[in-house]
Every structure is written in structure tokens, then in C-alpha cells.
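Below you'll find the structure, written out as C-alpha cells, and then a few comments.
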Amino acid sequence: MRVAIFGTGYVGLVTGTCLAEVGHDVVCVDVDQTKVEGLEQGIVPIYEPGLESMVKANHAAGRLAFTTDATPAIDHGQVVFIAVGTPPDEDGSADLQYVLAVARTIGRHLTHPTVVVNKSTVPVGTADQVRAAIAQELAARGVEIAFDVVSNPEFLKEGDAVADCMRPDRIVIGASNPEAVALLRRLYAPFNRNRDRVVEMDVRSAELTKYAANAMLATKISFMNEIANIAERVGADIEQVRQGIGSDPRIGWHFIYPGVGYGGSCFPKDVQALARIAAGHGLQPQLLNAVEAVNAAQKGHLYTLIQRHYDCGEDEGVRGKTFAMWGLAFKPNTDDMREAPSRRVLEQLWEGGAKVRVYDPEAMNEARRIFGEREDLVFCQSATEALEGADALVVVTEWKQFRSPDFARMRKALGDAVVFDGRNLYDPAEVEAAGLAYYGIGRGRSLHE
Ligand code: NAD
């Protein structure tokens, strides 16, 4: 099938590439000329395992093209996807300006009956706004062309996006017209061979499903972080508690890891946006507000442990200290630093007067772009190099390569011989046996008085 996709970010690029991989003819449109020119030359602007080779292969095979020109792309598409960003507005609600700009562009250039598929995460009722924007442009042109607007939210996980897209656990299609559903079923048939993954529903339910999924996952994380903080105070070990509760199948093992809080482009903005939707309909979203508040506090928790260790008061910092920081991305296998907990920890360390030596396997360029050159930030080539001349280690992202360090060597490298483990990667006893002080999240021993 012939497909056009607006927005060539994490979602649009991965979706377009995977659709091309199964034989569809895909044209990706983006307003970012540098990005488009790079992609045409095989330069993939994000790190996502497996993506670059697929982009190159499908581009070379002529099934995947990139352009800034909307007109031929809309003309090309039997199906036109909207996969542009929906960042938070000032009040936390989703900013729809990019989605509606694409809708107007589609209305201005539509030449044949088309199914418009919204993949961006959007508030309930957005499909109606998209439909109205397209209709308005068609009316201004004085033409009548049939079109449908379908909601098809995306559930891919950054860091695993290609696998998620090639083997989705569900394909949610929110539509009112059976013909549009049939078209999307044909489009997704190659991903749907061994069992039917399509979940059909009405448009509004599909729009809400995406927010509900992310809010549920964020809730699990904030819940565990709150229990971890209780564990810390009462002298319990959250890792033992996690084993104890995860074995209950009603609770399960997934997403019950305590840490430095959730980040990324989705959870923070989607929880806030859902809370705004609720408030807009006269509901007090108490749980959603609490999930966000717990997360905001948790992002500062590692620094509280650091202050506690160095015996600094509320306003006193860690002036003159140097910290090694392992991990910058909001999670492993991505270079995405949007809302990453590392950013808060860095800011707090800098405010406290410390210098930071950072290493991340993939997010170094992104960090350079965000922070630029500054005296209190040193970019290192490896995890080991980050330790050189540092007083303490802070672990913020759970990359596999950080899991089994040589603690004896670490002990020699770190001036103050202390590890702040924001992801509970290490066994406290093993770290301490090497002569290092250890702080984890919710591991009782650090804060118990
Ligand atoms: P992104 O910021 O990585 O990419 C958005 C792209 O859209 C950018 O390249 C931008 O230049 C482009 N764009 C903006 N206006 C445009 C226009 N008028 N025409 C063409 N291109 C335009 O965003 P993303 O992370 O891919 O997210 C896109 C949407 O998908 C959001 O609503 C997000 O919430 C949702 N989502 C994201 C993820 C994720 O893991 N990143 C997962 C599921 C859903």
C-alpha cells in the first residue's frame, strides 16, 4: 500500500521504516530540512537499536523516501499518518498545534479519498478537531473529497521500538467507519499473522486508551518509589519487597523497579495531559496528580542521599567535589534525554558547586547539544574514564555495561569511595566488601536511623 507519514521522529521514523520493511511504499514528511537531508543520505538522527540498517536497506530498495514537500506525499498516500509531537502546553495539557497544522496541510493538498490516521498521543476529541480542520480547508478550496479520521495510538517503547513495531502486542484501531478499519487491517496484516492483535474500538476510546496505558505504567513506578522511600525509613530492603510482591501474579514483575523517577517524552507529559483532560471535565484527578508529584520528588532523591552522605544541610552543597555520572539517557538503549532524571541530578550537583564527569554509551551528543561546553561538565569516553579523578559515582541509567564493574578498581579511583546507585544495579554487600560506601533507592541501610 502507499503510505505517507507526517513527522519523522521516534514514532514516525520507526513506523515508516517498519511499514516499508514489510513491503509498503512509504514517504516520510518532516518540516526539519536537516533531518530529511540526513535521512536521504542514511543518517539516522536518533539512536534506536536495529533502526539504521533498516532505514538504509529500505531506502536503497526504493520503499522508503524522505521529503519536506507535503504535496506529493499526500498525493502518494492511500493512508496518511500524523505522527508529530504533542508537547505539553504551559498548563500541562497537550499542545495540538503540530497535529492541527498537519491536518490543515492535508486539507489543502488532498486529491483523492484518503484515510487519515492519527498516531500522535492526543486528548480525547482530537480526531473531531482534525476532521474539522481538514473539512474547513477542503471547503475553502471548494472541493468535496471523502476522507476518514482514525485513531491508531502507538505503544512502542524507545530502546525497543523496532521490535515493538515489528511484533506489536496490540494494534488499537479507533474508527467509526468499517471501511477505514478494513484498510488499516490490510496495512497491518503482515504484523498480524500468528494471531489477531487488532483491538477495534470507537475513536474516543482509542484516544483515551493510550493515556490510560501510560498513566498505569507511571503509576506503578511512582507506587514503587513511594514504597522504596518507606523502606528506606523503616530499615527494609525494597529489592526484597519487590521479589515478595512481584511473585503475586495479580501484581506481576513488570514495572515495579524503584529508581530515580520516570522521564522521557511520554510518561511525564501524558500523565499531566490526562490530568488536564480530567480537570477540563470537572474531575479532580487525585491519583494522577499524586503520581506526578511523587515522580517530581523522586527525581531529587539521589541528591538528598548525596547531601546526607556529605552531611550537608538543606542549602549546603557539595562544593569542590567531583562526581562521576554513569548514564544520561532517560533509559537504556536510547539517546533520548527529554525529562531525563539525569538532568535534575546534574542541575542539583552543579547548584551545589560540584563538577561532574559524565559518560553515556549513546546520549553524549544529545547532552552536548543540551548543555554545551561548561567548566563543571566533563564528557568522558568511557565509564572507567569518568571515574578518574572523581570523588563519588552516581549511577542514573541502567545500561547493561554498567552492571558488573570492577569494584576494587572503582575503590582505588574514587577519592571518597562512595557509590550512589539510582537504579539498584548493585548488591550493597558486594560494593561494601570492596571498601566503598553504598547508597541505593529504598535499601534501608542507607537512611535507617
Ligand atoms: P518527535 O519530537 O521525536 O518527532 C516529531 C517530528 O515531527 C519532528 O521530527 C518534527 O520536526 C516533526 N514535525 C513537526 N511538525 C511537523 C509538520 N507540520 N509536518 C511534518 N513534520 C512535522 O516526537 P515522537 O517522540 O516521535 O512523538 C510523536 C508523537 O507520538 C507524540 O504525540 C508522542 O506522544 C507519541 N508517542 C511517542 C512515543 C515515544 O516513545 N517517543 C511512543 C508512543 C507515542
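Side chains included, hydrogens not; waters and symmetry mates left out as well; all remaining heavy atoms used. From a predicted model like this one, the values you see are computed outputs, not experimental measurements. Starting from 1, each residue takes its place in the sequence as its number. First listed ligand is number 1; within each ligand, the first listed atom is number 1.
Neither the backbone nor the side chain of Asp336 comes within 4.0 Å of ligand 1, counting heavy atoms alone. Counting heavy atoms under 4.0 Å from ligand 1, residue Arg104 does not touch it at all. Counting heavy atoms closer than 4.0 Å to ligand 1, residue Ser120 contributes atoms from both its backbone and its side chain. With a 4.0 Å heavy-atom cut-off, ligand 1 is reached by the side chain of Lys35 but not by its N, CA, C or O.
The shortest N/O to N/O separation between Lys210 and ligand 1 does not fall below 3.5 Å. Between Glu158 and ligand 1, at least one pair of N/O atoms sits closer than 3.5 Å. For Thr121, a nitrogen or oxygen atom sits less than 3.5 Å from a nitrogen or oxygen atom of ligand 1, counting backbone and side chain alike. Ligand 1 has no N or O atom lying under 3.5 Å from any N or O atom of Cys266, backbone or side chain.
Under the 30°/60° scheme for interplanar angles, the aromatic rings of Phe323 and Phe420 are found to be tilted.
Summary of contacts: the protein heavy atom closest to atom 24 (P) of ligand 1 is Tyr10 N, 4.0 Å. The nearest protein atom to atom 27 (O) of ligand 1, hydrogens excluded, is given as Val11 CG2, 4.1 Å; this is a heavy-atom distance. In terms of protein heavy atoms, atom 25 (O) of ligand 1 is closest to Arg338 NH2, 3.2 Å. Scanning the protein for heavy atoms near atom 7 (O) of ligand 1, the closest one is Gly7 CA, 3.4 Å. In terms of protein heavy atoms, atom 18 (N) of ligand 1 is closest to Val102 CG2, 3.5 Å. From the protein, the heavy atom lying nearest to atom 4 (O) of ligand 1 is Gly9 CA, 3.2 Å. Looking only at protein heavy atoms, the nearest one to atom 19 (N) of ligand 1 is Val31 CG1, 3.6 Å.
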Evaluate the salt bridge (charged side-chain N to carboxylate O under 4.0 Å, His left out) criterion for residues Arg204 and Glu207: first the C-alpha distance (whole Å), next the side-chain angles of each, then the deciding distance (0.1 Å), finally the verdict. CA-CA 5 Å; Arg204 284 175 175 248; Glu207 289 170 335; 5.5 Å; no

Checking side-chain hydrogen bond (donor to acceptor under 3.5 Å, both in side chains) for the pair Arg63/Asn58: CA distance, chi angles, key distance, verdict? CA-CA 5 Å; Arg63 288 189 299 267; Asn58 285 287; 2.7 Å; yes

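Judged by the 6.0 Å distance and 45° axis criteria, Arg167 is not positioned over the aromatic ring of Phe191. Annotation: cation-pi pair Arg344/Tyr303 absent, no NZ/CZ under 6.0 Å from the ring centroid and within 45° of its normal.
Rounding to the nearest 0.5 angstrom, the gap separating the CD1 atom in Ile74 from the CZ atom in Arg108 is 9.0 Å.
Here Lys157 pairs with Asp164 in a salt bridge; the nearest charged N to carboxylate O distance falls below 4.0 Å. Between Asp237 and Arg443, at least one side-chain nitrogen of the basic residue sits less than 4.0 Å from a carboxylate oxygen of the acidic one, meeting the salt-bridge criterion. Salt-bridge check for Arg338 with Asp336: passed, with a basic side-chain N closer than 4.0 Å to an acidic carboxylate O. One finds no salt bridge joining Glu347 and Arg343 here, because no Lys/Arg side-chain nitrogen approaches an Asp/Glu carboxylate oxygen to under 4.0 Å.
With Asp95, Ile5, Thr86 as candidates, the residue nearest to atom 31 (C) of ligand 1 on a non-hydrogen basis is Thr86. The option with the heavy atom closest to atom 8 (C) of ligand 1, from among Leu13, Asp30, Asp160, Thr15, is Asp30. The closest heavy-atom contact to atom 43 (C) of ligand 1, among the options Gln97, Lys269, Glu154, comes from Glu154.
A donor-acceptor pair under 3.5 Å is formed between the side chain of Lys299 and the backbone N or O of Glu339.
Annotation: Trp326 is in aromatic contact with Phe402 [ring centroid separation under 6.0 Å]. Between Phe371 and Trp350, the ring centre distance stays below 6.0 Å.
You'll find the side chain of Gln381 stays beyond 4.5 Å of the side chain of Met364, heavy atoms only.
Near Gly85, with a cut-off below 4.0 Å to any heavy atom, the atoms of ligand 1 are 5 (C). Annotation for ligand 1: atoms under 4.0 Å from non-hydrogen atoms of Ala83 are 28 (C). Every atom of ligand 1 is numbered from 1 in the order shown, and the set under 4.0 Å from a heavy atom of Val84 is 7 (O), 13 (N), 14 (C), 15 (N), 16 (C), 21 (N), 22 (C), 28 (C), 29 (C), 31 (C), 32 (O). Near Val29, with a cut-off below 4.0 Å to any heavy atom, the atoms of ligand 1 are 20 (C), 21 (N). With ligand atoms numbered from 1 in the order given, ligand 1 contributes 41 (N) to contacts under 4.0 Å with heavy atoms of Ser265.
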